[in-house]
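Below, all heavy atoms of this structure are taken into account, side chains as well, without hydrogens, waters or symmetry copies.
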Amino acid sequence: MKDLRLDQILDLRLTRERFRKPRFDVRAYAQHRFRAFAGEGAPVRVRVRFSPEKAGFIRRTRRHPTQVVEDLPDGSVVWQVEVPLSEDLVHFIVGYGPHATVLEPEELRRRVVAWAKGAVAANEGVLSPEGVTGLD
């Protein structure tokens with residue numbers, strides 16, 4: 001199985017070549033992924049609390065077949081999926097900034113904190129692009 005990004009196709013030609021259709025279960029395939037990339041290891045239970053400000057969006061958007069969203073009395077939600085840990089999962093959570101709190105697993109929380117700290121360190125005190133090194 002190859003994962004391809006359709007937005008990066010530069011050229012396309014039709015040929016007469018034919019391929020045998022493989023047996024493929026898309027649900028089983030998606031079960032072990034979050035977004036585009038497969039994670040590491042077996043699926044684990046992931047629980048993230050999203051603030052009331054983001055709860056509606058989280059509630060309306062289905063991101064994984066195992067997704068369950070639990071409404072909390074304060075208007076926030078707990079989003080739960082069973083997926084392997086992956087960089088895409090970390091990016092998804094960090095993208096919500098202070099509106100997302102990893103409840104479990106602890107390993108995912110550590111990865112989110114490390115990623116967020118790295119983003120702060122890379123951007124703290126940067127005044128202009130000329131002062132940034134390592135962009136070659």
Subject >> Partner set under side chain to side chain donor-acceptor pair (under 3.5 Å) for Q67, not counting sequence neighbours >> reply: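 Testing Q67 for side chain to side chain donor-acceptor pair (under 3.5 Å), a comparison that skips the adjacent residues, returns W79.
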Subject >> side chain to side chain donor-acceptor pair (under 3.5 Å) against D7, all qualifying residues, sequence neighbours excluded >> reply: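 D7 satisfies side chain to side chain donor-acceptor pair (under 3.5 Å) with R5 only.
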Can you get from [X] to [Y] by hopping between Ile, Leu, Val, Met, Phe, Trp and Tyr side chains that sit under 4.5 Å apart?
X: V69; Y: V102; answer: yes
X: L89; Y: F57; answer: yes
X: L103; Y: W115; answer: no
X: V83; Y: Y96; answer: yes

Rounded to the nearest 0.5 Å, what's the gap from [atom1] on [X] to [atom2] on [Y]? Could you check?
X: E107; Y: L85; atom1: CD; atom2: CG; result: 6.5 Å
X: R111; Y: R109; atom1: CZ; atom2: CZ; result: 14.0 Å
X: I93; Y: F50; atom1: CD1; atom2: CZ; result: 6.5 Å

**OP:** Under the side-chain contact (heavy atoms from CB on, under 4.5 Å) rule, what do V90 and L108 come out as? Steps first, then yes or no, please.
**Re:** CA-CA 7 Å; V90 172; L108 177 59; 3.8 Å; yes
[X] (side chain) donor-acceptor with [Y] (main chain) under 3.5 angstrom:
X: R49; Y: V77; result: no
X: S76; Y: L72; result: no
X: T66; Y: V81; result: no
X: R60; Y: I58; result: no
X: R110; Y: V113; result: no

**OP:** Search all heavy atoms of P105 against all heavy atoms of V44 and return the closest pair with its distance.
**Re:** CG-CG2, 4.2 Å
**OP:** Please name the pair of heavy atoms, one in H64 and one in E82, separated by the smallest distance, quoted to 0.1 Å.
**Re:** CE1-O, 3.6 Å
Original post:
With the threshold set at 4.0 Å, does a side-chain nitrogen-carboxylate oxygen contact exist between R47 and E104?
Top reply: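 So R47 pairs with E104 through a salt bridge.
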Original post:
Between D88 and S86, does any side-chain donor sit less than 3.5 Å from a side-chain acceptor?
Top reply: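 Short answer, no.
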Original post:
Side chains of R45 and Q80: does their closest heavy-atom pair fall under 4.5 Å?
Top reply: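 A side-chain contact exists here, since the closest heavy-atom pair is under 4.5 Å.
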